[in-house]
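Naming: A, B, ... by sequence-line order, numbering from 1 per chain.
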Number of protein chains: 2
Amino acid sequence: MTGRRGRPPKDADALSRDRILREALALVDEEGLAAVSMRKLARRLGVDPMSLYNHVDGKDALLDGIAEVLLAAIPAPPAEADLRETMSALAHGFRAAMLGHPRAAPLVLTRQLASMTALTPVETVLAPLLAAGFPPDRAVHGLRAVLAFLIGTLMREVEAAPTFSGTDPDGARRRLAELEASGLPAVSAAAPFLAVCDHEAEFEFGLRILLDALGAMAVR
Amino acid sequence: MTGRRGRPPKDADALSRDRILREALALVDEEGLAAVSMRKLARRLGVDPMSLYNHVDGKDALLDGIAEVLLAAIPAPPAEADLRETMSALAHGFRAAMLGHPRAAPLVLTRQLASMTALTPVETVLAPLLAAGFPPDRAVHGLRAVLAFLIGTLMREVEAAPTFSGTDPDGARRRLAELEASGLPAVSAAAPFLAVCDHEAEFEFGLRILLDALGAMAVR
DNA sequence: ACCTGAACACCGTTCAAGT
DNA sequence: ACCTGAACACCGTTCAAGT
């Protein structure tokens with residue numbers, strides 16, 4: 001069905017780095033990061049575990065590869081946008097890419113990536129900042145502040161970071177009761193708001209603060 | 001030598017949750033998170049691996065326990081401080097606690113902690129916000145924005161998050177060359193600033209933006 | 001160039017047995 | 001109540017052998 005008339009599939013089921021990474025991402029999506037093993041992945045691909053090593057440099061490189069697949073899914077911002085729109089589009093694109101594979105997202109958010117794939121998004125953020133007149137040192141400063149916020153927010157959203165809350169409404173009742181019974185006065189008073197978390201609203205709130213600050217920096 | 005005249009040490013080398021957690025933290029400090037195994041930890045304690053299970057609920061609970069040890073090290077802010085000073089003291093205390101055990105820090109920064117130990121710092125942040133007149137919903141909002149930034153920044157600082165830079169000055173030269181050779185114009189232009197990262201300055205920069213925004217929220 | 005399978009040195013955890 | 005050791009079902013990776 002796919003590629004029937006176009007470029008011939010050659011060996012659609014031949015082993016390749018690409019096919020390995022796609023299957024690995026599917027495995028993470030289905031069973032979570034902890035379930036990833038070279039042997040299980042090989043089983044899914046119908047192949048000897050050691051065959052994977054012909055295309056991938058080991059388990060760590062495999063995980064880096066998955067992270068790169070996620071990063072590559074961030075769309076380029078519209079060319080005619082101004083600085084604020086560009087930054088906002090990139091932040092939302094980053095978020096969407098992570099939420100599309102929440103269980104794999106920690107690979108991007110917590111691993112040191114050295115590859116070119118990680119450099120492309122940096123270029124996309126830096127270019128509009130420089131174009132807006134930011135001196136390079138301030139542009140990097142701004143980039144890093146926004147990135148830190150994005151990473152922290154998305155870690156929470158993807159349920160890898162401490163929140164004291166979630167989105168499921170029935171667990172919320174139980175958490176509310178726990179927080180009120182904590183004996184801590186401020187926690188009790190704010191319990192209804194600690195027990196739930198509107199990730200979307202938190203994201204927009206923090207992003208607005210940072211983009212406002214960037215705007216002020218550009219002017220000064 | 002310790003506790004010679006005070007509470008008698010009973011069995012100083014008896015197995016206990018406390019002794020297990022201390023040894024586990026030492027193991028992480030020395031060899032990193034990936035090196036932690038129940039068996040190796042037991043070897044260090046001179047004990048059968050299965051003995052650990054009498055005091056700790058399995059490996060995951062062990063890691064949660066280490067995270068709680070780190071969190072417990074955050075000092076309480078001075079009582080006479082105003083809102084901004086309190087928030088700043090807590091943020092710096094959090095940072096210091098993580099930097100004291102950089103290899104263990106991801107346990108706090110990336111794991112969902114449900115325990116009371118994690119609730120105490122929340123109380124310490126929420127209390128001054130409420131005292132300053134924040135309505136509870138806004139106080140929680142502010143807490144979460146600051147926490148997201150702290151988590152993201154510290155992940156980078158602790159070298160678990162993407163930075164495209166480090167602090168070692170010799171690696172910096174190599175990175176600088178790579179960045180300039182990337183062919184990406186904005187990346188090349190900002191290369192000198194991308195190649196190094198003054199974590200302290202980044203931390204203060206982002207924290208100031210957020211505390212300023214909090215201050216503005218309090219007034220309005 | 002790519003694939004295979006045996007082998008090595010590990011894992012976390014269950015369970016039955018000891019004291 | 002706590003500790004032990006054997007056992008089970010796994011790991012990632014090296015290496016020599018195949019095609």
Side-chain angles (χ1 to χ4, degrees), chain A residues 8-68 103-104 106-107 110-113 160, chain B residues 8-68 103-104 106-107 110-113 160:
Chain A
K10 294 276 179 181
D11 262 334
D13 55 349
L15 212 47
S16 70
R17 180 180 156 85
D18 210 70
R19 198 160 87 86
I20 290 172
L21 289 182
R22 273 205 315 276
E23 191 67 37
L25 180 53
L27 174 54
V28 177
D29 285 343
E30 288 167 31
E31 305 188 35
L33 270 181
V36 177
S37 80
M38 300 297 276
R39 298 167 112 111
K40 191 187 292 195
L41 181 55
R43 229 176 294 136
R44 283 174 68 117
L45 288 161
V47 111
D48 184 278
M50 289 315 300
S51 300
L52 302 179
Y53 287 78
N54 288 311
H55 302 92
V56 150
D57 215 23
K59 189 179 181 180
D60 254 42
L62 173 80
L63 297 177
D64 283 344
I66 301 178
E68 284 164 27
R103 309 185 83 173
L107 293 176
T110 71
R111 293 171 76 82
Q112 199 105 8
L113 297 184
Chain B
K10 293 277 178 179
D11 263 333
D13 54 350
L15 210 48
S16 70
R17 179 179 158 85
D18 210 70
R19 198 159 88 85
I20 291 172
L21 290 183
R22 274 203 316 274
E23 192 68 37
L25 179 53
L27 174 55
V28 177
D29 285 344
E30 289 167 30
E31 305 189 35
L33 270 181
V36 177
S37 82
M38 299 298 275
R39 296 167 113 110
K40 190 187 293 197
L41 181 55
R43 229 175 294 136
R44 283 173 68 116
L45 288 161
V47 112
D48 184 280
M50 288 316 299
S51 299
L52 302 179
Y53 287 77
N54 288 310
H55 302 91
V56 151
D57 217 21
K59 188 179 182 180
D60 255 43
L62 174 80
L63 297 178
D64 284 343
I66 301 178
E68 285 164 29
R103 311 184 81 173
L107 293 176
T110 70
R111 294 172 75 81
Q112 198 104 10
L113 297 184

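Across the strands present, C:dC2 finds its partner in D:dG18; the criterion is a Watson-Crick or G-U wobble pair with both atom distances under 3.5 angstrom. Across all strands shown, D:dC10 forms no Watson-Crick or G-U wobble pair with both distances under 3.5 Å.
For D:dC11, one of the phosphate oxygens OP1 or OP2 lies less than 4.0 angstrom from a side-chain nitrogen or oxygen of A:Arg43.
Open room surrounds CG on A:Asp57; 12 or fewer heavy atoms of other groups in view lie less than 6.0 Å from it.
A straight line from CE of A:Met50 to P of C:dG5 spans 12 Å, rounded to a whole angstrom. Atom NE2 of A:His55 is separated from atom C1' of C:dT4 by 14 Å (rounded to the nearest Å). We find that CG of A:Leu15 is positioned 9 Å from C1' of C:dC3, with the value rounded to whole Å. Distance, B:Lys40 NZ to C:dG12 P: 10 Å, rounded to whole Å. Rounded to whole Å, the distance from CG on A:Asp60 to P on D:dG12 is 11 Å. Note: CG (A:Asp48) to P (D:dC11) measures 14 Å, nearest angstrom. Whole-Å rounding puts the A:Leu41 CG to D:dC11 P distance at 11 Å. The separation between B:Asn54 atom CG and C:dT19 atom C1' is 13 Å, rounded to whole Å.
Here B:Asp60 contributes atom CG and B:Asp64 contributes atom CG; the two are 6.5 Å apart, rounded to the nearest 0.5 Å.
Both A:Arg39 and A:Leu52 sit near DNA chain C, but only A:Leu52 has its closest nucleotide nearer the 5' end. Take the nearest nucleotide of DNA chain D for A:Met38 and for B:Ser51: the residue whose nucleotide is more 5' is B:Ser51.
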Verify side-chain contact (heavy atoms from CB on, under 4.5 Å) between A:Leu15 and A:Asn54, making sure each step is shown before the conclusion. CA-CA 9 Å; A:Leu15 212 47; A:Asn54 288 311; over 6 Å; no

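Side-chain contact between B:Arg17 and B:Val56 is present, with at least one heavy-atom pair separated by less than 4.5 Å.
Atom name C1', nucleotides C:dA1 and D:dA17: the rounded distance is 15 Å, in whole Å.
Using a 4.0 Å heavy-atom distance criterion, B:Arg17 is classed as making no nucleic acid contact.
With salt bridges taken as basic N to acidic carboxylate O contacts below 4.0 Å, none links A:Lys40 and A:Glu30.
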